[in-house]
Structure formats: structure tokens, C-alpha cells
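In each ligand, atom 1 is the first atom listed, and ligand 1 is the first ligand listed.
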Amino acid sequence: MTLRRALFVLTLQFLYSLSLLSETNKQSADLLITGGIVVTMDSPRSIYNDGAVAVTGDTIVAVGPRTEIEARYSAQQTIDATNTLVLPGFINGHTHVPMTLFRGIHDDVTLNDWLYKYIFPAEAKNVTEEFVRWGTRLAAAEQIRSGVTTFADMYYFEDVVAEETNAAGMRGVLGETFIDFPAPDNKTNAAMLAYTENFLKKWQGDPLIHASVAPHSIYTCSQETLQDAAALARKYHATILIHVAEMKKELDDSLKNNGMSPVQYLEKIGVLGPDVVAAHCIFVNEADRKTLAQRQVGCVHNPSSNMMIASGVAPVPEMRAAGIAVGLGTDGPAGSNNDLDLMEEIDLAAKLAKISKMDPLAINAKAVVEMATIDGARALHMDKEIGSLEKGKKADLILISLDEPNAVPMYDVYAQIAYALKGSNVRTVIIGGKIVMRDRKLLTVNEQDAIAKAREYKRKIAASLGMQ
Ligand SMILES: [Zn+2]
């Protein structure tokens, strides 16, 4: 009996030390996200039905089946992702975030009337650093809530946009606007160049903020302004953000004044290159698409905006077929789309392509999810950093709840994301390994303050335009 008991105790001790050994053999990570359906968007488009992601610092260290990851890693913090989709964060490739404060200022008008009767006067009277700060803070709350982790922005006082984006823990490709009329921040070209150079220097090497240069378009910038902006960007290896071929008038004027399309004109003056992100690209013919592909320009499709202003339909299937990286953007959030919900753009990108071609096969659900994630990253020239859940990439990921009436049943993951799930289904958001929203509670932005400020700005802006 005694011997048997002793053996039993010894065996227990042995087993216990073995388990300790395996526990100490585990690598330590900072954060484990376990148990959800992990939709990686890596090149084989791997999906792990009971998956896990391990994060150390701001980087993903492992992705795979839950049992495998749990056997290899222990972490101080674990997020239970059961009954959620775990996806790379969405990428909003084109917007003007401080304009949240002009949301709905005047809709159902022509772009020309909207710009000249409402927006330009409203901007001249109201856009200050404070305005940009509160508009960006409100936009950060809205974007995080709907699963956007990276956005590309073009506005004024972009340094303030950068400060707020950084404070919210979001990733941004933030372009200071170049435009040939006195802007709210810089009144001359020399002032614009000096402001932007300081802005680029200040944020060099920042992990979240990619300070960029944003010549507005070929119809608001002279050749000299476009070339100066591009040269400055290239001196600092910064991205160039620009609106391209958005309007029929832009194409007609370019054909008349330059004897060529907007894309060919930008090519001729040396602006196009693998550091350019072109928003819209609606009026791009086959030769233009070839040029954009050869120059490795990233394009951003904005279906809500293109429909709301009745600009036209970008030839997205043709652009993708030509090898161009096409991302998605909300544009707006005022006048051309009054919100920043990228999941709406995923849905609309598919439906707009289908109806415009009268072909339900024109583009499929998987393609539009690619546009919101990995192709969006390629369009922003950031696919080495973000866009998929892979070892070595930044830990930007979102959990979308499947415990919702509109989320069940689920037969196809991509179709569910594109056509059934909504931005409001996003439950938890992690950017660079940091949890910025947990169970729908924002952790980096004081949302109530931003909402109250937006109401206050509405009264001020309305009064400045004589509306009530
Ligand atoms: Zn725009």
C-alpha cells in the first residue's frame, strides 16, 4: 500500500512538473485573441474557424488554429473572440475627417453649389485649429466604432489631425492640402511649403502617423504647385494624396487645356509614381489604367460619394484586371457621404459595380472585402505593414460580433461581411497592439465631449452662414 501510494505521489509530482515545464516553455506574448473565426486576408486567404492571434508590442507574432497558438503562447491579457469574426482592421483610403462638423450642412445640391455656396464660405469662416481638433476627435470615435483602423486624410491644419489621430491611437496617412487659393491655414504657396515641410519633419518615423502631402487636384492646383508638392513629398519619402479624374468637367477641361486626360497630364508632369494614392479615378480609359498600373499608383474607390454627387462610376473591375491596387474610401464625411462607415462602402462597391454593368457577377463579396483590407493597404503602399493578419505585420485587428440578429445564420464569411454585417456590429478594435475599443466601449476618445462639441459647432457654423 505504502509503496503504491508513494509511486502514485511520485507520478503526480512528475506530471505536475511536466505541466510546469510546458507552461514555462511557452513563449510569452502581450495579448492573445482566441476562439473567433480568424479571417486573415493573407495571400492564400486562410480562414481559421477556431483561430487565435498572438500579439507582442505593436506586432502580430503568430496566427493560426487556437489549440496550436495556445500551446505555444501564454499572455497576460486574453480576449475571448468566441462568436466573432476576427479581421484585419478596415482601411478608409480617402476622407476629410475634420469635415464631420459640416455633416449635413446642405445636401441634395450640385457639387458646384455645395462647394461655392456652402462649403468654401463655411470653411473660410469656421476652420481653425480648434475646429480641426474637434472634428478629427469626433471622426476618430466614429471610425473606430465601425472598425476602421487606418485612414487617409486630406485637409487643412493636418498637423492637428495628426495629433488627434495619434491621441486616439489610430493609424493615419495624413496629407496637408496644397491648393491654389488662400486656404484656412496657409495663405500663400510659400507658407504651404514651409508648413508642410515642418509637418513632414515632425512625424518622420512615427509608428502610427504617416505625414503626407495632398495636392488637391489638377483643377485646383497649377502645374507648379503639383510639382512642388510632389518634390517635397519625395524629399521626405512621404505619400502623395490627390483627387484624380473625379468629374466629367475635370476630364473635359484637361482634354481642352492639356490635350490629354488627367492621368496622362499627371504622368507628363512627373507626378505619378509608386508613392501616389489617387482618389476616385472615375474617368480613366484603358490607356490611363495601363499608366496607373505601370506607375504603381494606388487608387481609392468611393462608391457613396460617387453616387451622392452623381460623379459617375469608376471602372473598378477593369482597374483590378489591369493590376491596379484599388482600395475603398468614404470620402466626405460632409456633402459627398455623411458618414465614415467603411462597411457601407464594402456593400455599395459590390452593388454599384453590379447595377452599372447589369451583371451580378461584376464583382463578388470576397473582392470588396479585399478592397477594404489587403488591397486598401496596397493602394496606400502600406501592405508590408497592414492589411492582413500575418506574422510580422502590425496588430491592427477588429472583432465583429456574430451574436446579432443580422449576423445569423452564416454560410459564407465574405458574403456575410459584405452584405449582412454592419459597422455597428464591430465589438472590439485593436490598433498597433493597443485595445482602443473593448466591447463597444471606446478607450482612447472621450466620445461624449466630442458629441457635445459637435452640437456647439453646429450653432456657431449655422449662425456664421445666416442659417438657423
Ligand atoms: Zn475627397
Side-chain angles (χ1 to χ4, degrees), residues 91-107 109-116 118-120 122-123 127 132 135-136 139 142-143 148 150-158 161 172-181 183-184 212-221 226 229 239-251 262-263 266 276-284 297-314 326-342 344-345 348-349 352 376 379-380:
I91 297 167
N92 183 358
H94 178 67
T95 185
H96 315 273
V97 289
M99 295 183 83
T100 42
L101 297 178
F102 292 135
R103 190 196 315 270
I105 195 170
H106 205 92
D107 296 308
V109 285
T110 64
L111 178 61
N112 212 59
D113 277 1
W114 183 77
L115 279 175
Y116 290 95
Y118 295 94
I119 273 306
F120 289 153
E123 284 184 332
V127 175
V132 168
T136 306
E142 186 182 351
Q143 292 197 98
V148 171
T150 296
F151 67 101
D153 190 71
M154 302 169 71
Y155 208 59
Y156 312 108
F157 296 113
E158 204 67 28
V161 176
V173 181
L174 309 176
E176 168 65 19
T177 294
F178 277 61
I179 200 160
D180 282 345
F181 61 74
S212 308
V213 182
H216 179 271
S217 63
I218 66 163
Y219 57 92
T220 52
C221 294
L226 292 167
T239 306
I240 300 165
L241 306 171
I242 183 168
H243 296 95
V244 176
E246 180 180 4
M247 288 179 287
K248 180 71 166 44
K249 186 175 181 334
E250 177 185 349
L251 171 68
V263 167
L266 287 167
V276 173
V277 181
H280 300 297
C281 298
I282 295 171
F283 300 96
V284 291
V297 171
C299 294
V300 179
H301 177 44
N302 303 266
S304 283
S305 166
N306 298 164
M307 286 192 270
M308 189 152 166
I309 317 179
S311 307
V313 183
V326 186
L328 282 178
T330 57
D331 203 2
S336 58
N337 176 356
N338 294 352
D339 66 59
L340 293 165
D341 185 346
L342 199 81
E344 219 169 85
E345 305 304 316
L348 289 174
L352 179 58
L380 296 186

- Item | Thr330 vs Gln143, side-chain contact (heavy atoms from CB on, under 4.5 Å): CA-CA, chis, key distance, verdict | CA-CA 10 Å; Thr330 57; Gln143 292 197 98; 5.6 Å; no
- Item | Residue pair His96, His216: steps toward the ring-ring contact (aromatic ring centres under 6.0 Å, His included) verdict | CA-CA 11 Å; His96 315 273; His216 179 271; 7.5 Å; no
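Under 3.5 Å, the side chains of Asn337 and Glu344 contain no donor-acceptor pair of N or O atoms.
Within the protein, the number of N/O/S atoms found under 2.8 Å from the Zn ion (ligand 1) is 4.
Legend: residues meeting side chain to side chain donor-acceptor pair (under 3.5 Å) with Ser305, ordered by chain and number and at least two apart, are Asp331. Listed by chain and residue number, nothing satisfies the side chain to side chain donor-acceptor pair (under 3.5 Å) test with Asp339 (two or more places apart in sequence, or in another chain). Thr110 meets the side chain to side chain donor-acceptor pair (under 3.5 Å) test with no other residue; sequence neighbours excluded.
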